[in-house]
Amino acid sequence: MRMMVLADEDKDGITLTEKQRKARRARSIAIGLGLAALVIIFYIATIAKFGPAILDRAL
Amino acid sequence: MTSIDPPNAAPKPAMPAEWRDFFALTKPRVMTLVIFTGLCGLLAAPERINAFLGFAAILCIAIGAGGAAALNQWWEADIDAGMKRTSKRPLPSGRMGRTQARDFGIMLSAASVGIMGLAIGWLAAAILAVSIVYYAVLYTIWLKPRTPQNIVIGGGAGAFPPMIGWVAATGEITAMPVLLFAIIFMWTPPHFWALALFKAGDYGRAGIPMMPNVAGEASTRRQIFAYSVVVAAVGVAPWVLGFSSAAYGASAAALGAGFVWYAWRVLNQADEDRVMKPAKALFAYSIVYLFGIFAAYLADAVVLRALVA
């Protein structure tokens, strides 16, 4: 029932053209790649900054 | 002006912009010069930095410059719309909303300063933050629409990258990065006034008080020449002060002589000359000069270091 209500609401929303849909997808991919790059940068920068000392911790 | 809302202008777009528009918002062509001078500062510094951290530092400088450029375009969308040179940008052409550009600029600026601070050091991050505020607020919002000295003072914003690169590697500010700052600072007025001479109509229509519109072309040409002599002198200063070799000094002197020669031609440009080939030639040469002088300094620093080692 709720699903149907949501579907009805969607009909009232903005309908994207094919070009807009492609633009949105390309943007989403760019944001995803940006976030992935950020994770990699923090990961490698942490190792580079601390060096082997990063493994030297009490267990 | 009592609020921080930009002047109205750009039409509201129907849909979020494409990634290419966000990329264009970062002024990639200007960024190449920022990256190059930042890299020169980083590599010429007397202390070595881990290769990846060095890469991260340059990335932060580039992202910070991109964020400042986005904030500049957020504020100036109405001015850009009135100028032929800038009317195709994402905001004036209606491909992107102002809020998107502002948020994108703030996000890039904050991310660049944050990553620089955490990964490299907070002194470099602080200078990066100052350079972004300098460009987006001091230059774009305050100086540019108010005074013909806008790019004289505002030129400082573009002069920070080599200093940030140097500080990222060494963690301290010394005389040499200040000299690198001074070279770009003194280079900016003749570079932009050469452009303003042959784009005076554009700036006039947009209501920007550039020097040719306010003081006249003859006065601008004299000031271009005066600044060019100072640029040439500051360019050889690293050799005179003993920070680099005679090889650099000779390269800087030759490049500086070229700068003064092109400025001399602008000084003698006829009042009725509307094609303004000398001004266009100086503008083109000024870009070659900046690449050349920083490349010469970097090569000199690397060779000297190799000889000492």
Side-chain angles (χ1 to χ4, degrees), chain A, chain B residues 12-26 28 42 47-64 66-67 70 90 93-97 100-101 103-105 107-122 124-125 168-169 171:
Chain A
M1 185 62 191
R2 181 161 168 71
M3 292 278 285
M4 284 186 64
V5 170
L6 282 175
D8 286 340
E9 280 175 0
D10 281 348
K11 282 177 188 168
D12 298 331
I14 298 168
T15 307
L16 302 181
T17 64
E18 190 56 30
K19 193 181 173 201
Q20 289 170 332
R21 214 184 298 276
K22 277 184 180 170
R24 187 174 67 174
R25 182 171 164 73
R27 246 164 48 104
S28 300
I29 291 170
I31 292 169
L33 289 174
L35 287 173
L38 202 61
V39 170
I40 293 167
I41 287 169
F42 271 111
Y43 183 77
I44 301 178
T46 304
I47 294 170
K49 200 167 170 66
F50 291 98
I54 201 166
L55 300 172
D56 185 17
R57 63 189 176 95
L59 295 172
Chain B
K12 196 175 178 180
M15 263 299 293
E18 293 194 31
W19 68 269
R20 290 178 191 84
D21 295 321
F22 284 97
F23 183 65
L25 211 57
T26 63
L42 184 112
E47 288 176 38
R48 301 273 49 81
I49 183 171
N50 172 283
F52 183 80
L53 293 180
F55 164 75
I58 296 301
L59 191 65
C60 288
I61 293 172
I63 292 173
S93 63
R95 298 198 304 276
M96 179 184 283
Q100 284 180 292
D103 295 349
F104 183 62
M107 185 199 72
L108 289 187
S109 303
S112 64
V113 173
I115 297 171
M116 182 73 97
L118 290 168
I120 313 298
W122 289 105

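Because the structure is a prediction, the values reported are computed rather than measured. When reading the values below, keep in mind they use all heavy atoms of this one structure, side chains included, and skip hydrogens, waters and symmetry mates. Below, chains carry the letters A, B, ... as their sequence lines are ordered, and counting in each starts from 1.
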For this session: Calculate, to the nearest 0.5 Å, the distance between atoms CD and CD belonging to A:Gln20 and B:Glu18 respectively.
Result: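 Output value for this atom pair is 10.0 Å.
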Problem set entry | Value rounded to 0.5 Å, distance of CG in B:Leu59 from CD1 in A:Ile41 |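 Going from CG on B:Leu59 over to CD1 on A:Ile41, the span is 5.0 Å.
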For this session: Can you see which heavy atom on A:Arg27 is nearest to which on B:Trp19, and at what distance?
Result: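 In terms of heavy atoms, the two residues are closest at CG-N, 4.0 Å.
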Problem set entry | Heavy-atom contacts under 4.5 Å, residues 28-37 of chain A to chain B |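 If one takes a 4.5 Å heavy-atom cut-off, the residues of residues 28-37 of chain A near chain B are A:Ala30.
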Exercise. If you check every heavy atom in residues 47-55 of chain B against those of chain A, which residues fall under 4.5 Å?
Worked result: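 Within residues 47-55 of chain B, the residues that come under 4.5 Å of chain A (heavy atoms only) are B:Asn50, B:Phe52, B:Leu53.
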